[in-house]
Amino acid sequence: MTARREDLAANLARVHERIDGAAMAAGRDAGDIDLVVVTKYFPASDVDLLADLGVRHIGENKDQEASAKVADLTRRDELTVHFIGQLQSNKVAHVAAYADVVQSVDRAKIVTGLDRAAERHGRHLDVLLQVALDGSGSRGGVAPEEARALADLVAESACLSLRGVMAVAPLEGDPRRAFARLRELADGIRAGHSDATWISAGMSGDLEEAVLEGATHLRVGSAILGSRPSLG
Ligand SMILES: *Cc1c(COP(=O)(O)O)cnc(C)c1O
């Protein structure tokens with residue numbers, strides 16, 4: 001356990017150095033960038049160690065795994081839990097029970113389902129719209145031209161707050177160009193919704209490009225926790 005803690009601490013320090021370097025290159029304050037540590041496939045004990053090391057945001061992408069893990073955390077109150085995985089409408093009610101932020105909202109049915117579930121649980125959720133940047137939507141997300149209408153729908157929901165946008169860079173092509181498109185889209189949405197200031201972009205392999213294009217939230221897994229036992 002001590003060895004694991006040391007590994008996590010060293011990896012975290014390296015990622016913070018990368019964020020600091022990218023922020024400096026971008027002329028930004030690294031303090032304006034939140035690190036969401038993606039803990040999927042790793043146990044609650046790792047999350048507790050990360051909380052002890054100062055991590056305040058974790059990301060999970062599978063409902064069943066996430067709900068069990070969150071229930072097992074000894075330091076739940078210190079953490080903001082972000083759901084970042086593809087949402088099926090039959091899972092939405094469950095996610096609304098434990099997530100604080102849902103980053104992967106990409107269609108109307110998910111918006112209405114989440115709002116209803118949040119109300120039932122007496123909770124309020126921060127929401128990001130996941131935008132498809134690769135045209136095909138193969139990694140999930142709303143088409144860019146449909147994002148404005150979906151943003152309006154979230155904004156009208158009593159138990160949801162529209163906080164911004166999220167995207168995964170396409171597998172092919174330059175991530176920085178993709179993140180530049182995301183930033184433009186975020187600007188457009190913020191013109192109508194002044195609280196929608198978050199841009200969640202950048203993972204272990206492309207966090208520098210995301211910082212250069214204005215990301216406020218990075219979702220970093222393997223660079224901190226190591227390679228995942230099985231990539232699904
Ligand atoms: C797994 C995952 C990440 C983290 O990816 P790494 O390459 O391990 O940093 C980020 N975002 C989403 C949506 C993910 O599913």
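Keep in mind the model is a prediction, meaning the values are calculated, not measured.
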Assigning hydrophobic clusters by single linkage (Ile, Leu, Val, Met, Phe, Trp, Tyr; side-chain heavy-atom cutoff under 4.5 Å), is V92 placed with V81? yes
N-O pairing of E213 and R183 below 4.0 Å: yes
Do any N or O atoms from the side chain of S200 and from the backbone of M166 form a donor-acceptor pair under 3.5 angstrom? no
Consider only side-chain N and O atoms of D63 and Y98, and report whether a donor and an acceptor are under 3.5 Å apart. yes
Any sub-3.5 Å donor-acceptor pair from H121's side-chain atoms to A93's backbone N or O? yes
Report the distance from atom CG of L225 to atom CG of D7, rounding to the nearest 0.5 Å. 10.5 Å
Pair Q86-S104, side-chain donor/acceptor within less than 3.5 Å: no
So, does S194 use its side chain to make a donor-acceptor pair with the main chain of R190 at under 3.5 Å? no
Mark yes or no for whether D72, through its side chain, and A44, through its backbone, hold a donor-acceptor pair below 3.5 Å. no
Looking at V211, is its backbone amide N or carbonyl O close enough to the side chain of R28 to form a donor-acceptor pair, meaning the two atoms are under 3.5 Å apart? yes
From the list H57, H82, R123, H124, side-chain hydrogen bond (donor to acceptor under 3.5 Å, both in side chains) with D100 holds only for R123
Does a salt bridge link R4 with D46, judged by any charged N lying under 4.0 Å from a carboxylate O? yes
Please report the interatomic distance NZ(K91) to OG(S67), rounded to the nearest 0.5 Å. 9.5 Å
Could you see if V36 belongs to whatever hydrophobic cluster contains V168? Use Ile, Leu, Val, Met, Phe, Trp, Tyr and a side-chain cutoff under 4.5 Å. no
Side chains of S222 and R228, donor plus acceptor under 3.5 Å: no
More than 12 heavy atoms of other residues, nucleotides or ligands under 6.0 Å from CZ of R177: yes or no? no
Within a 6.0 Å radius of atom CD on E172, are there more than 12 heavy atoms belonging to other residues, nucleotides or ligands? no
Identify whether the distance between the nearest side-chain nitrogen and carboxylate oxygen of R14 and E17 falls below 4.0 Å. no
Between E65 and Y41 (side chain of the first, backbone of the second, donor and acceptor by atom type, cut-off under 3.5 Å), is there such a pair? yes
Looking just at side-chain N and O atoms, do T74 and D48 make a donor-acceptor pair shorter than 3.5 Å? yes
Distance col, row E184:CD vs F179:CZ, nearest 0.5 angstrom, shows 14.5 Å
Nearest 0.5 angstrom please: L212 CG to D206 CG, how far? 11.5 Å
